[in-house]
Structure formats: C-alpha cells, structure tokens
Amino acid sequence: MKIPYLPLRELNARFNLKDQQSFEDVYDSGRYIGGPFVERFEHQFANYCGVDNVVSTGNGLDALTVILLAEKELGNLPQNAKILLPAHTYIATFLSIIHAGMQPVPVDVTDILLTVNDLQAQIHKVDAIITVDLYGKLVDDEVYAFAEAQQKPVYCDSAQSHGAINVNGKRSGSIARASAFSFYPTKNLGALGDGGAITTNDHLLAAMSRKLANYGRDNRFQNSVKGVNSRLDPLQAAFLSNRLTSLDQDNKQRFTVAQFYFNHIKNDHVVLANDGFLMHNSWHVFPVFVADREHFQSYLSNHGIETNVHYPVPPHQQEAFKELNDLSFPHTEKLHNTEVSLPCHPLMTSLEMEYIVKVVNNY
Ligand SMILES: Cc1ncc(COP(=O)(O)O)c(C=O)c1O
C-alpha cells in the first residue's frame with residue numbers, strides 16, 4: 001500500500017468545479033486587488049471564527065508581523081518591544097518579531113506547547129506574548145488568563161489551528177487579542193497559493209492593521225504610516241470561500257484519524273503526545289516522537305508510508321539566528337530531534353489508518 005503524507009491534488013480536486021467558476025467570476029469582475037471576493041471571504045471567516053474583524057494579508061508571516069507593527073503604531077507596544085514566544089515553533093514566529101523591529105524572547109517548553117510554568121520566569125521581563133497553536137492544538141486557556149492577570153497582551157500564531165475550539169466553545173482566532181492565520185496550501189484551510197489573515201475584536205487594531213497591510217495609506221494619495229504591501233489575492237479569497245464550508249467536516253475527519261492513532265498505536269519506541277492533546281485541536285499535524293527518527297522514517301517509507309518532520313532544526317539553532325545559537329532549550333531540541341508527522345488528513349480511509357497502525361506497531 002502507498003500512502004502519501006498529504007494528497008494535496010486530491011484534496012483540492014473536491015473543489016474543482018467551484019474553483020473554475022470562481023476563476024471566471026473573479027476574471028469577469030475586473031477587480032484584481034481587494035474587491036468583493038476579498039470582502040466576502042473576510043466576512044465569512046469573521047463569522048466562522050466568531051470575531052468582529054478579519055484583515056486579510058498576503059501570507060501568515062505578514063499577518064503576524066502586521067499585528068505587531070499595528071500595536072506599535074497604536075502605542076500599545078514600545079519600539080524594540082520584548083516578545084516572549086515558545087522556542088518550539090516554526091521560524092516564522094521568530095521572524096515576525098524581527099520584521100516588526102522587536103526582540104524575540106524564546107522560552108523552552110516542558111510539554112509541546114507553551115504553559116504557565118514555561119513563561120512564569122520571563123513574563124515580568126517582556127512586553128507581550130505570542131502563543132503558538134503548534135500542530136493545531138490550542139494553547140491552554142490558563143496561559144491567557146495568567147497573561148491577562150499580568151496585564152501582558154497575547155497574540156496567537158494560529159497558522160495551524162483553523163477551526164479548533166477551546167474548552168469554552170471559542171474558536172481559534174477569537175481567543176487572543178489578535179491572531180494570525182496562514183492559508184498556505186497545506187493548511188487545514190489552504191489556498192492555491194499564499195494567503196493569510198488577522199482576526200481581532202479590537203476595531204482600532206483591525207483598522208491600523210488594514211492600513212499597514214496596504215502601504216499605510218488613508219486614501220489613494222495619502223499615507224499616514226509606513227506600511228507594507230501584503231494583500232490577499234481575490235482569486236485566493238474566492239478559493240478559500242469555497243473551502244471554508246468544508247473545514248468543520250474536514251477537521252472532524254482529521255479528529256477520527258487522530259483518535260484512531262491514539263487508541264491503537266502501542267509501541268514503546270513510538271511516543272505519542274499526552275491524552276489531553278486529542279481535544280481542542282485541529283489536527284493539522286499528528287506528531288509522534290521516536291529516538292531514531294531517520295531509521296523510523298525509512299522503515300515507514302519502505303512500507304509505502306510517507307511521513308514529514310515539523311521541524312528538524314529549531315529557530316534558535318538556525319544560521320539565520322546566529323545571535324541565538326548559543327542558547328540552549330533542551331526540551332525543544334529533543335522535540336525537534338525526534339518528531340515524525342504521520343499522515344493525518346480528511347481523505348484517509350479506514351484501511352489506510354489500520355495499515356499505518358499495524359506497520360507502526362511492528363516497528
Ligand atoms: C506556526 C506557523 N507560523 C507561521 C507560519 C507562516 O505562514 P506563511 O507560510 O503563510 O507565511 C506557518 C506556516 O508556514 C506556521 O506553520
């Protein structure tokens with residue numbers, strides 16, 4: 001049996017007819033920047049997330065950067081603000097802070113995501129926090145409550161958690177002061193190219209973000225702040241509208257796969273996340289942790305199972321972050337050294353899931 005990690009073509013083929021129509025509609029509209037398709041998607045995504053405002057951007061990195069730039073313009077964060085973030089994340093979270101002219105303050109994680117324990121020692125030294133819903137799992141509500149008690153704003157890197165719902169029934173995107181989404185094609189809600197969005201209930205933050213993402217302009221010829229050019233393409237917006245209505249059903253399917261893995265993978269060499277990880281999650285990635293990762297991956301590959309790694313090298317060890325290379329985050333480093341992502345997507349069949357479990361258990 002051959003099982004791809006993520007059959008992107010097949011996943012998108014489900015929307016082929018709608019997408020063809022969207023292409024015609026956008027083409028015929030004569031509006032190729034902004035316009036009705038972008039506005040419609042922003043409105044739909046705001047309704048879906050349960051927030052007042054969605055500001056679409058060119059990608060997820062820009063969404064995060066623009067939030068921080070907007071907070072600076074509004075005087076809510078100082079120049080060179082210190083931003084606490086988990087060391088265990090994708091490099092984009094670090095880069096957004098740098099691109100906003102601020103300082104990343106990474107902390108090691110003791111589990112997989114940021115917890116109150118992880119940030120307790122540093123919270124007094126920083127101006128704000130970025131939480132990361134890595135693998136699709138929502139950061140625990142306690143972190144938000146703790147930060148609020150310390151009067152530190154929290155922004156969420158929600159690039160992997162589209163549609164996840166927390167214990168209080170709140171959707172990803174409506175939990176932090178502002179959240180950043182990526183619509184990179186492999187995401188649970190993915191476009192056919194780049195795309196991103198900011199969600200927030202704060203109208204001033206939304207208005208400033210919208211301005212900053214569009215050259216900082218007030219109108220065609222007047223610019224009141226130094227902005228960037230980061231706009232969601234109308235074609236991508238139309239494709240995203242086509243996919244948004246399937247997101248809940250897709251996430252349900254992902255949950256079924258994840259639950260099956262949780263209940264049936266039993267191998268001392270293959271460590272799963274703890275039980276709580278199953279809930280309040282979009283199951284963007286199903287991570288397992290294996291000491292001899294390369295050996296495990298080639299074993300699976302020899303049995304026709306394609307896997308992925310999220311991620312092999314943590315940001316603080318990247319050449320791009322030479323200034324952080326001397327830092328040591330042992331738990332983060334261990335996660336990066338051992339993580340393997342198993343196939344987990346809405347089109348997986350029972351046969352495929354059973355086969356993967358059997359092969360993993362025989363390792
Ligand atoms: C955790 C995380 N943050 C940020 C991003 C950045 O998103 P984008 O690639 O759309 O810029 C990604 C996706 O690549 C991500 O996985």
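Here the structure is a predicted model, which means the values were calculated and not measured. In listed order, ligands and their atoms are each counted from 1.
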Atoms of ligand 1, numbered as shown, that sit under 4.0 Å from any heavy atom of A159: 2 (C), 3 (N), 4 (C), 5 (C), 12 (C), 15 (C)
Do F45 and F181 have their ring centres less than 6.0 Å from each other? yes
For atom 10 (O) of ligand 1, find the nearest protein heavy atom and state the residue, atom name and distance (0.1 Å precision). S182 OG, 2.7 Å
Using the ring centroid of each side chain, check whether F15 and F239 are separated by less than 6.0 Å. no
Which residue owns the protein heavy atom closest to atom 1 (C) of ligand 1, what's the atom, and how far is it? D157 OD2, 3.5 Å
With ring centroids as reference points, do F37 and F41 lie under 6.0 angstrom apart? no
Can you tell me if K187 contacts ligand 1 (heavy atom of the residue under 4.0 Å from the ligand)? yes
Say whether Q160, considering both its backbone and side-chain N or O atoms, lies within less than 3.5 Å of an N or O atom on ligand 1. yes
Just grab all the salt bridge (Lys or Arg N to Asp or Glu O under 4.0 Å) pairs involving residues 14-39, residues at least two apart or on different chains. R14-D250, D19-R243
Any heavy atom of Y135 under 4.0 Å from ligand 1? The part involved is neither
Please find out if less than 6.0 Å separates the ring center of Y299 from that of H303. yes
Could you identify the single nearest non-hydrogen protein atom to atom 11 (O) of ligand 1 and state the distance to 0.1 Å? L61 N, 2.9 Å
Numbered atoms and elements of ligand 1 in range of Y311, under 4.0 angstrom, heavy atoms: 16 (O)
Would you mind checking which non-hydrogen protein atom is closest to atom 4 (C) of ligand 1, with the distance to 0.1 Å? A92 CB, 3.4 Å
What are the atoms of ligand 1, with element, lying closer than 4.0 Å to any heavy atom of G60? 7 (O), 8 (P), 10 (O), 11 (O)
May I ask you to decide if F321's main-chain N or O and N325's side chain share a donor-acceptor pair within less than 3.5 Å? yes
R231: salt bridge (charged side-chain N to carboxylate O under 4.0 Å, His left out) partners, not counting sequence neighbours: none
